[in-house]
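Structure first, commentary second.
Chain letters run A, B, ... following the sequence lines, proteins first and then strands; every chain starts at 1.
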Number of protein chains: 2
Amino acid sequence: MVDTEKIRKRGRPRAFDREAALETARSLFHAHGYEGVGVAALAEAMGINPPSLYAAFGCKAALYDEVLARYDAAAAPLHALMQLGADPAVTLPQLLREAAHIYAADPQMAGCLVLEGARSADPDAACRARNWLDLGRGRIRDFIACTHPQKADVVADYVAAVMSGMSADARAGHPPERLAAIADMAALAIRAMLAPTPA
Amino acid sequence: MVDTEKIRKRGRPRAFDREAALETARSLFHAHGYEGVGVAALAEAMGINPPSLYAAFGCKAALYDEVLARYDAAAAPLHALMQLGADPAVTLPQLLREAAHIYAADPQMAGCLVLEGARSADPDAACRARNWLDLGRGRIRDFIACTHPQKADVVADYVAAVMSGMSADARAGHPPERLAAIADMAALAIRAMLAPTPA
DNA sequence: CATTTTATATAGCGGTCGGTACATAATTCT
DNA sequence: AGAATTATGTACCGACCGCTATATAAAATG
């Protein structure tokens, strides 16, 4: 095996767990949004000082980007729903229901981190979040394209829009059942759109 | 007629047009969001100094609330679509298409001022925007309840969620046609849900 | 006229923002 | 043992935040 073990670098070793710090940042960003959390609050929650944060992550936006990457990776089980051979008319409604449940499950971290970040007033944060959002939408599109190449773009846009609306409702404090009802109604359009040769 | 004319009050008269100032504020809030515009920038765009702004509007959040009220009033033509006797299965798709067009028409003021404000990280601004949002959602619900009382809540939530998603897409720079396609697909669920006695 | 009332402009309040200069501590390399 | 490299804590930067104290100017009222 190639030794990809953590080979000690040359200077003073970092005194905090980088992954744990990212997890702390994720929690704060999820609870208060990108602009709702300052660097000082992030550093304090991590148990470090601002210079250590900047040395480890570069700048606030770069830290945010790493958090988004981890968030995207953690959503792998959701992406796993969309497997080759699966029927989008069945899977996408499941995806919406899952999202509805996740978004409203924990009121302290309501909504989707990426979707909410994509609406940030900070252009840097919004741009980075939208990159991850486009990536996720691309996954949905490609999944649909396997069976319905013509409608893949529209349906992917639609699914993303519904998820964005549910995320906003979750942040407004709406209960899970209310989001689930939206997801189920949205599924009607998906099934109608993806019906086997409607004409 | 009762003289509701502008009777000169007792002190030094205001040196700027209050309505024009509100319109300026609306434009700035619409372009950059509540937190993206500072009081200094608002005052400068109005051609006044901060103390005059505070004397006229109270505080930033109160000014924002007045702007939202004007925005809601300006949307009266949209609300007029939902008239007594109209068929929700026809009117709501029209509403979504109109919204899609309006949201993406001017890239400098993309999306819905109320829907975007409802996601603000500032709790005061978000609360005020959500009040106006609930009012608008109530209008949709009441309109649906005329013909489909059982499904009014769900369908209203769904329509609002789709509009919220379209608003986010508009702010991300998506072209009007892309939003319109989402609106049209969303209409499928509305017609399916409101179909005349499907069983 | 003087008084009262309201709006204005200047200047600045305390606080937070993202980010850093600096000296020091801890580690590896020579 | 040094030298080189990296991380850390203290203390602070200028810029902006929402907001206001103060004095003055412009109007109605007496």
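Using the six-membered ring where Trp is involved, B:Y71 and B:H30 have ring planes that are perpendicular, over 60° apart on the 30 and 60° scheme.
Between A:Y54 atom OH and D:dA7 atom P the separation is 17 Å, expressed in whole Å. Whole-Å rounding puts the B:K60 NZ to D:dC17 C1' distance at 8 Å. When the P atom of D:dG18 is taken as reference, atom OH of B:Y64 falls 13 Å away, rounded to whole Å. Whole-Å rounding puts the A:F57 CZ to C:dG19 C1' distance at 16 Å. Between B:R12 atom CZ and D:dT29 atom P the separation is 18 Å, expressed in whole Å. Going from atom CG of B:D17 over to atom P of C:dT8 covers 12 Å, rounded to whole Å.
Under 4.0 Å is where a charged nitrogen must lie from a carboxylate oxygen, and between B:R139 and B:D142 no such pair does. Taking the charged nitrogens against the carboxylate oxygens, A:R128 and A:D124 do have a contact shorter than 4.0 Å, which makes a salt bridge. B:R178 and A:D157 are joined by a salt bridge, as a carboxylate oxygen and a charged side-chain nitrogen come within less than 4.0 angstrom of each other. Using a 4.0 Å cut-off between a side-chain N of Lys or Arg and a carboxylate O of Asp or Glu, B:R137 and A:D169 qualify as a salt bridge.
Minimum interatomic distance between B:H174 and B:A104 (heavy atoms only, all atoms of both residues): O-CB, 3.9 Å.
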_What does the 5'-to-3' dot-bracket notation of DNA chain D look like when only Watson-Crick and G-U wobble pairs under 3.5 Å count, and pairs to other strands show as |?_
||||||||||||||||||||||||||||||
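For the segment residues 38-49 of chain A, the set of residues with a heavy atom within less than 4.0 Å of an atom of DNA chain C comprises A:G38, A:V39, in numerical order.
The residue B:P13 sits close only to the backbone: its heavy atoms come under 4.0 Å of sugar-phosphate atoms, none of a base.
Atom CZ of A:R97 has 12 or fewer heavy atoms from other residues, nucleotides or ligands within 6.0 Å. Applying the 6.0 Å contact sphere to NE2 of A:H148 captures more than 12 heavy atoms from other residues, nucleotides or ligands.
The shortest distance between the side-chain N/O atoms of A:R14 and the OP1/OP2 oxygens of D:dA7 is below 4.0 Å. Contact check, B:S52 against C:dT8: a side-chain N or O comes under 4.0 Å of OP1 or OP2.
For B:R10 against C:dT4, a side-chain N or O and a base N or O form a donor-acceptor pair under 3.5 Å.
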*asked:* For a side chain to side chain contact (heavy atoms under 4.5 Å, CB included) check, start with the C-alpha distance between A:D122 and A:K60, then their side-chain angles and the critical distance, and finish with the verdict.
replied: CA-CA 11 Å; A:D122 183 290; A:K60 188 190 178 188; over 6 Å; no
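Ranked by how close their nearest DNA chain C nucleotide is to the 5' end, A:G11 and A:A61 are led by A:A61.
Set against C:dG19, C:dT5, D:dT8, the side chain of A:F16 has D:dT8 as its closest nucleotide.
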